[in-house]
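This one's a predicted model, so the numbers in the text were calculated from it and none came from an experiment.
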Amino acid sequence: SPPTVQRSACQSAGAMADAIAAANDGSKCVRKGLIFPLTQAEEDMPDGVRAVVYAVAMLYLFLGVNIAADKFMSGIEMIQSRKMRVQVKETGKSMTVTMWNPTVANLTLMALGSSAPEIMISVVEVVRNGFFEGALGPSTIVGSAAFNLFVIVGVCIASIPSPEVRRIKEMGVFVVTLVFSQFAYLWMLFIVEVKSSNVIEVWEAVVTIALFPVLIVISYLADIGWLSTSRLTGSSKIDTGRAPTYISHTHVHEHRDENAVILDQDGKPLRHPAGVFTFGVDSMEFTQGAEATEVSISVFRRNGTQGTVACSYTMESLTAMPDYDYKHSEGELRFGPGQATASIKVELLPKHPGEKSDSFQIILSDAEGGAIFDPNSDGASSDSCVLTITIVNECQQAAHLSVGDRALNLVDKTLNLDKLRLGTVTWYEDVLEAIFNTGGDDDEGQADGRGDEGGSSCVDKLMHIVSVPWKLMYALLIPPAIYCGGWVSFAFSLVHIAGLTVVIIDFAELFGCVVGIEDFITAITFVAMGTSMPDLFASITAAQQDETADASIINVTGSNSVNVFLGIGLPWSMASIYWAVVGPTDEWMLRYGDTYGIDWPNAGFILRGDNLTFSVSVFFVAAIIMLVNILVRRFRFGGELGGPFHVKVMSFLLSVLLWFMYIGLSIWKSWTTADLFTQVIAVGVGVVFMENALLLSVAVLFSFRLWSWWRPKAPLTEEEDIEELPEDDEAEAKPHGPRDPTPPTPGPLVLPPAACFMCPA
């Protein structure tokens with residue numbers, strides 16, 4: 001009844017006032033999380049000591065999240081790498097494809113993997129707060145997006161040696177994710193401030209989640225060419241990506257003519273003097289019994305045999321497991337002038353009664369010497385040549401199998417017993433690696449407990465000692481990715497990340513409490529950096545090793561979109577639906593009754609987003625500047641990453657200053673109650689300050705660079721001068737006196753095009 005609600009509200013308000021008064025009087029943090037503080041002794045510690053303890057604990061938890069996220073990504077990669085053989089209706093030929101479209105996989109599995117900590121923090125916080133608002137979740141989403149776009153992309157730009165560049169290949173997908181990443185934060189502003197100020201309605205939250213599949217569908221259409229200019233105008237025929245049909249499991253032996261000529265699409269001989277690599281067929285089958293056998297697979301070089309050419313080969317499993325069905329091998333095939341055939345030796349292991357037939361693939365790649373791969377063969381779309389080998393169990397073809405063998409065959413077809421055996425061995429090796437692998441380059445012998453002598457630095461060994469508890473725990477508790485195609489590792493890792501985020505939320509709130517800063521500031525700084533730091537190192541590695549900039553930039557724009565659509569949409573949908581069903585409670589009336597009780601008598605999910613709205617607005621403005629910079633780099637300097645030294649430095653400084661501008665303005669807003677006009681002026685001042693800081697930084701850097709090039713060198717003695725000469729010239733070198741200490745007048749400065757002091761040599 002209303003009197004009961006009022007009485008309860010008054011009692012709760014009195015208790016809250018007493019707690020606040022106690023905190024003000026004693027200047028002590030009395031805040032309690034879901035788990036911490038554990039004891040009264042922890043609460044009685046000085047706030048300075050507690051701040052250090054909570055900060056170190058958060059760092060250590062972020063390390064645990066990083067290790068759990070690695071397991072999570074391993075499961076995702078296993079799911080994404082699953083392949084199948086299909087038959088193209090138009091040609092009748094079989095080809096190998098991944099079950100996941102690469103673009104769809106990047107925007108779902110990979111983006112979910114990189115955004116899992118932020119999403120879990122947002123979801124866990126809402127549930128933990130009883131479906132009331134929280135500052136950590138949404139602010140971490142925005143803060144992480146800022147760190148990703150400004151810091152990670154900026155560091156990737158600087159990590160490419162000058163004058164090399166990395167260019168986005170899938171421009172259509174980039175444009176889609178770019179538009180959605182900006183629209184996501186505009187949509188966030190709309191539902192928080194415009195439509196129903198500070199109240200998230202059910203339809204708003206549900207539409208936020210629904211935008212996620214819309215992003216996936218549109219990105220997929222862009223990937224297969226449906227949104228290209230030629231497709232929209234009807235000027236050319238684009239592959240519609242029609243679904244192929246599965247091939248039959250009955251393999252037909254094709255005749256392989258060593259002297260056959262490979263034809264092009266017009267039916268004419270393909271002219272290529274260096275030769276075309278091919279297996280001659282796309283699939284073969286071998287009958288295997290209870291004894292191991294060795295077979296020879298021929299690789300042909302057709303349409304030309306001029307010069308020396310080579311290619312690499314490796315083996316990949318489909319259902320056959322290495323060391324259980326076949327012996328894995330990899331290497332290089334080299335063809336001399338006039339040589340048209342080479343062979344690969346494959347050892348097939350015994351098959352037992354009841355064991356099912358299995359298949360694996362031999363893949364040719366990395367052609368050298370001017371040779372190419374057969375454009376009509378399986379694997380041509382990925383610049384390779386693929387042969388699928390099926391191992392047929394001879395014992396399974398017997399007329400009469402025992403009941404036990406038939407049961408074994410059924411279980412093997414369902415679970416793949418060899419994969420389970422391999423998974424068990426892998427699990428055991430993971431545990432040993434968690435203990436003995438110190439992260440050095442020379443890892444041989446670590447798995448058997450011999451350790452690593454000389455292959456690891458002191459930092460590697462120290463980090464290994466610090467992270468051993470996490471490594472060992474997750475090696476024991478998270479199954480290897482090989483089980484169930486990676487889904488078991490995916491699920492277990494997600495549960496562990498969720499558990500860690502519960503504790504991180506406690507420590508983040510308590511740290512802010514004892515230091516005296518708001519949860520909002522803690523979220524956009526410490527928590528956002530902690531959850532995004534693994535992505536930073538992964539992106540740097542991808543930027544330096546990949547030939548394109550897709551992994552570094554498209555993953556950022558895609559991840560930022562997923563952060564909003566799932567990290568905001570999922571918890572806000574849960575909370576808005578909860579209050580729509582439950583209605584106003586005593587605590588809801590205590591918190592919001594005076595302000596929102598009249599307009600929302602049936603309750604709702606209240607999100608007082610003054611600081612959040614300003615933070616999103618600043619991020620949106622800064623993101624526009626950053627994205628314009630990225631596009632200008634593409635059209636002016638040929639690539640989004642790397643480029644000339646001075647351009648790279650300016651882009652890096654711009655991105656870092658944009659991040660500092662975002663952090664600084666967000667903190668300023670949390671400390672003030674400025675009106676809209678003052679906020680707009682503050683953003684303008686921030687942009688001007690950032691511009692001047694950029695110009696000053698560039699001036700200082702180039703002044704230092706000019707000084708380093710023009711500074712006079714110390715005079716050399718006679719002996720030093722002779723020692724500088726090459727060994728071959730020392731005999732002709734004549735002794736002479738010291739150089740004139742007066743340096744010559746410097747000529748015009750010419751900077752080498754590959755100058756780069758911000759990246760590895």
Side-chain angles (χ1 to χ4, degrees), residues 142-171 173-186 532 535-536 539-540 542-544 546 548-561 616-665 683-702 756 758-759:
V142 183
S144 178
F147 189 87
N148 291 344
L149 183 58
F150 304 140
V151 178
I152 292 182
V153 174
V155 172
C156 289
I157 290 173
S159 67
I160 307 300
S162 298
E164 296 180 17
V165 295
R166 301 288 189 273
R167 186 180 178 91
I168 293 176
K169 180 181 179 181
E170 300 294 340
M171 195 60 185
V173 178
F174 169 68
V175 171
V176 172
T177 57
L178 170 64
V179 171
F180 269 84
S181 65
Q182 293 303 100
F183 173 76
Y185 291 93
L186 284 178
S532 300
D535 296 337
L536 172 62
S539 297
I540 293 174
Q544 294 175 343
D546 292 357
T548 67
D550 294 49
S552 302
I553 297 181
I554 295 182
N555 282 358
V556 167
T557 54
S559 179
N560 285 355
S561 304
V616 172
S617 302
V618 174
F619 169 73
F620 183 81
V621 172
I624 292 294
I625 299 174
M626 184 66 184
L627 294 171
V628 168
N629 173 51
I630 291 174
L631 294 176
V632 168
R633 289 176 53 82
R634 176 182 179 87
F635 295 108
R636 179 65 180 83
F637 303 104
E640 291 79 7
L641 304 182
F645 169 78
H646 61 286
V647 175
K648 184 174 68 174
V649 172
M650 292 184 66
S651 298
F652 171 75
L653 291 174
L654 173 63
S655 62
V656 173
L657 289 172
L658 285 171
W659 184 71
F660 277 114
M661 183 189 77
Y662 161 77
I663 295 295
L665 288 174
V683 174
V685 171
V687 172
V688 173
F689 178 80
M690 178 209 62
E691 177 189 9
N692 290 315
L694 176 63
L695 295 176
L696 179 61
S697 301
V698 171
V700 170
L701 283 174
F702 277 87
C756 173
M758 299 184 62
C759 53

Legend entry - CA sep, side-chain torsions, deciding dist, call: V656, F150, side-chain contact (heavy atoms from CB on, under 4.5 Å): CA-CA 6 Å; V656 173; F150 304 140; over 6 Å; no
Legend entry - side-chain contact (heavy atoms from CB on, under 4.5 Å) evaluation trace for I540 with Q544: CA-CA 6 Å; I540 293 174; Q544 294 175 343; 3.9 Å; yes
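Residues E640 and R634 are paired through a salt bridge, judged by an N-O separation under 4.0 Å between the basic side chain and the carboxylate.
Shortest non-hydrogen contact noted between S181 and L178 is OG-O, 2.7 Å. The shortest heavy-atom contact between F637 and V165 is O-CG1, 3.8 Å. The two atoms that bring A158 and F652 nearest to each other are CB-CD1, 3.9 Å, heavy atoms only. Between I160 and G642, the closest heavy-atom pair is CB-CA, 3.6 Å. Of all heavy-atom pairs spanning R166 and A549, the tightest one is O-CB, 3.7 Å. Considering all non-hydrogen atoms of both residues, S162 and K648 come closest at OG-NZ, 3.1 Å.
L641 has its side chain within reach of S552: a pair of non-hydrogen atoms, C-beta onward, lies under 4.5 Å apart. Looking at heavy atoms from C-beta onward, P163 lies out of side-chain contact with P644 at the 4.5 angstrom threshold. Looking at L149 and L658, their side chains never come closer than 4.5 Å, going by heavy atoms from C-beta outward. At least one side-chain heavy atom of R633 sits less than 4.5 Å from a side-chain heavy atom of N629. In this structure, V153 and S655 have side chains that are not in contact, with every pair of non-hydrogen atoms separated by 4.5 Å or more. At a threshold of 4.5 Å between non-hydrogen side-chain atoms, the residues Q182 and I624 count as touching.
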Which donor-acceptor pairs under 3.5 Å do side chains of residues 685-695 form with protein atoms, sequence neighbours excluded?
from, atom 1, to, atom 2, distance (Å)
N692, ND2, V688, O, 3.2

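Taking OH from Y662 and CH2 from W659, the interatomic distance works out to 9.5 Å, rounded to the nearest 0.5 Å. Interatomic distance, E170 CD to I553 CD1, rounded to the nearest 0.5 Å: 14.0 Å.
In this structure, S159 contributes its side chain and C156 its backbone to a donor-acceptor pair below 3.5 Å. Distance alone, capped at 3.5 Å, is enough to place a donor-acceptor pair between the R167 side chain and the G638 backbone. The main-chain N or O of N148 is never found under 3.5 Å from a side-chain atom of D535 such that the two would form a donor-acceptor pair.
With sequence neighbours excluded, the residues satisfying side chain to side chain contact (heavy atoms under 4.5 Å, CB included) with S697 are L653. For the ring-ring contact (aromatic ring centres under 6.0 Å, His included) test, residues two or more places apart in sequence or in another chain that qualify with Y185 are F619.
A donor-acceptor pair shorter than 3.5 Å can be found between the side chains of T557 and T177.
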